[in-house]
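What's counted below: heavy atoms across the whole structure, side chains too, no hydrogens, waters or symmetry copies. Whatever order the structure lists ligands and atoms in, that order sets their numbers, starting from 1.
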Amino acid sequence: METILDRQDPQIGALVKNELERQRRCLELIASENFASEAVLAANGSILNNKYAEGYPGRRYYGGCEFVDQIEELAINRVRKLFQAEHANVQPHSGSQANMAAYFAVMKPGDALLGMDLAHGGHLSHGSQVNFSGRIFTVHTYGVREDTELIDYDALLKKADEIKPEVIVAGSSAYPRIIDFAKFREAADLANAVLVVDMAHFAGLVAAGIYPSPVGLADIVTSTTHKTLRGPRGGLILCKKPLAKQVDGQIFPGIQGGPLVHVIAAKAVAFGEALTPDFMDYQHQVVLNAARLAANLADAGFRVVSGGTSTHLALLDLRSKNLTGLAAEQALEKAGIATNKNSIPFDPRPNTITSGLRLGAPALTTRGMKEPEMDQAAGFIVEALSTPNDDNRLKKIRQKVETLCQLFPLYPNM
Ligand code: DSN
């Protein structure tokens with residue numbers, strides 16, 4: 001079907017179509033990706049794009065905000081209900097912006113930030129030296145134990161007590177286990193620090209009640225909206241009432257100008273979806289699927305970091321297979337399987353190569369795949385990684401991948 005984009009800008013139109021076909025035909029196992037609903041995409045691509053609305057509902061710097069005020073209020077009310085939060089800001093353009101505003105709300109340049117080591121599963125915006133967080137604040141890190149690959153809470157408590165950071169940030173992008181937020185609260189109380197929890201990766205699981213909620217224990221909770229939460233690309237902040245003014249002021253006018261009201265509308269749609277029983281079923285299946293994938297790969301001789309997963313993602317240590325994360329990612333891509341190389345704790349290789357591979361189940365679960373399809377996906381991965389340099393074999397696997405994908409149509413109305 002020809003669209004206005006195809007007619008007006010055939011180059012971009014064709015590339016968008018190619019990307020749609022790529023998404024349809026590949027096994028999407030990147031843990032931070034998902035397929036938003038057509039309703040979310042419709043709001044995201046709507047005429048709301050045209051509106052400026054600097055400020056907050058009822059307090060804008062522009063006229064004509066009658067309807068976008070109602071949209072933003074709906075988004076706020078839905079997300080507050082979803083996470084039982086006292087206050088919500090739905091304007092962050094991304095998870096990093098949300099984290100920046102959270103830090104700026106309670107820290108000044110040079111203050112101490114204690115975050116999870118990126119190489120142990122943390123995130124750039126939790127204090128990496130190449131990120132604003134590492135450049136503006138004095139960063140200290142905690143990590144996982146080498147023997148269990150679980151967060152070393154004793155070391156965390158000790159460090160918090162010694163350093164007395166202004167902020168402790170919990171959250172991760174490659175930690176396959178449940179984070180003990182009560183321990184983080186204890187660490188924050190020891191240090192008299194503000195506790196920020198970045199739940200970007202597992203927010204959908206929290207919404208479904210599968211992962212313990214940090215809301216209530218943390219002073220500020222940040223998230224993206226497009227990972228397990230399955231909304232548009234963007235961020236959000238939840239906090240307790242006394243911090244609301246500071247947090248809001250740091251988003252606007254602190255670090256952002258006009259909010260992306262089309263994205264806020266899409267967030268509202270996604271929060272509405274997340275409030276339904278279907279979403280809970282979906283998240284339960286995500287966790288079952290991730291566990292099944294990890295178990296299959298462990299059976300095939302891959303070492304799964306921390307021995308498995310309790311969440312939507314698993315991390316493989318490829319060293320016993322004499323493979324790097326980079327080589328595995330590239331071979332799988334040729335086989336039509338999208339993953340990403342990822343450092344594993346205490347990784348001897350640089351983060352451009354890595355010894356690990358991160359796999360996540362949110363996107364395939366959205367397509368309707370369940371345990372039998374995870375068995376098949378794991379089989380394809382095992383086969384591809386057994387001969388990663390055999391392009392002919394990878395091509396044959398790709399055909400099997402496409403056959404599987406066709407059974408679970410993606411965006412059939414497009
Ligand atoms: N880049 C995201 C991820 O893949 O986990 C985190 O922001």
Side-chain angles (χ1 to χ4, degrees), residues 23 26-36 92-103 113 115-134 141 143-144 151 169-179 196-206 211 214 221-237 255 263 267 270 286-287 290 293-294 305-306 309-316 325-326 328-329 332-333 337-345 347 351-354 356-366:
Q23 292 186 15
C26 91
L27 283 177
E28 182 52 77
L29 284 167
I30 293 175
S32 46
E33 294 189 11
N34 212 330
F35 301 118
H93 300 335
S94 72
S96 285
Q97 303 282 90
N99 285 341
M100 186 186 261
Y103 301 153
L113 169 68
M116 189 164 182
D117 190 334
L118 182 59
H120 287 212
H123 186 258
L124 276 175
S125 62
H126 296 183
S128 163
Q129 290 305 319
V130 295
N131 180 260
F132 81 87
S133 53
T141 59
V144 300
I151 292 173
V169 57
S172 58
S173 54
Y175 185 68
R177 297 297 184 177
I178 305 279
I179 297 171
V196 175
V197 172
D198 175 350
M199 65 171 179
H201 258 270
F202 45 85
L205 307 185
V206 171
Y211 198 112
V221 175
T222 62
S223 184
T224 51
T225 47
H226 50 274
K227 297 186 177 88
T228 47
L229 213 39
R230 210 167 56 181
R233 301 195 79 82
L236 65 88
I237 308 179
I255 61 171
V263 183
K267 287 174 186 173
V286 166
V287 174
L293 198 58
V305 170
S306 84
T309 176
S310 320
T311 65
H312 62 299
L313 68 85
L315 194 58
L316 300 184
L326 179 62
E329 178 192 304
L332 290 174
E333 180 142 22
I337 302 170
T339 62
N340 69 279
K341 61 180 175 295
N342 210 103
S343 297
I344 54 170
D347 201 324
N351 60 12
T352 46
I353 298 178
T354 82
L357 193 71
R358 190 181 65 161
L359 305 169
L364 292 190
T365 311
T366 293

message: If you count heavy atoms of other groups shown closer than 6.0 angstrom to CD of Glu33, is the number above 12?
response: yes

message: Distance check, rounded to the nearest 0.5 Å: Leu205 atom CG versus Ile178 atom CD1?
response: 7.5 Å

- request: Could you give me the CA-CA distance, side-chain angles and deciding distance for Thr228 and His201, then say whether side chain to side chain contact (heavy atoms under 4.5 Å, CB included) is met?
  value: CA-CA 6 Å; Thr228 47; His201 258 270; 5.9 Å; no

task: Using modelled atom types only, decide if a donor and an acceptor are shared between the side chain of Asn34 and the backbone of His226 within a distance under 3.5 Å.
output: no

- request: Could you check whether the rings of Tyr103 and Phe132 sit parallel, tilted or perpendicular, using 30° and 60° as the cut-offs?
  value: tilted

field: Approximate separation, where rounding is to 0.5 Å, of Asn131 CG and His126 NE2
entry: 9.5 Å

Put together the list of close N/O pairs, under 3.5 Å, between ligand 1 and the protein, could you?
{"residue": "ligand 1", "atom": "4 (O)", "partner": "Ser32", "partner atom": "OG", "Å": "2.7"}
{"residue": "ligand 1", "atom": "4 (O)", "partner": "Arg358", "partner atom": "NH2", "Å": "2.7"}
{"residue": "ligand 1", "atom": "5 (O)", "partner": "His201", "partner atom": "NE2", "Å": "2.6"}
{"residue": "ligand 1", "atom": "5 (O)", "partner": "Arg358", "partner atom": "NH1", "Å": "2.9"}
{"residue": "ligand 1", "atom": "7 (O)", "partner": "His123", "partner atom": "NE2", "Å": "2.8"}

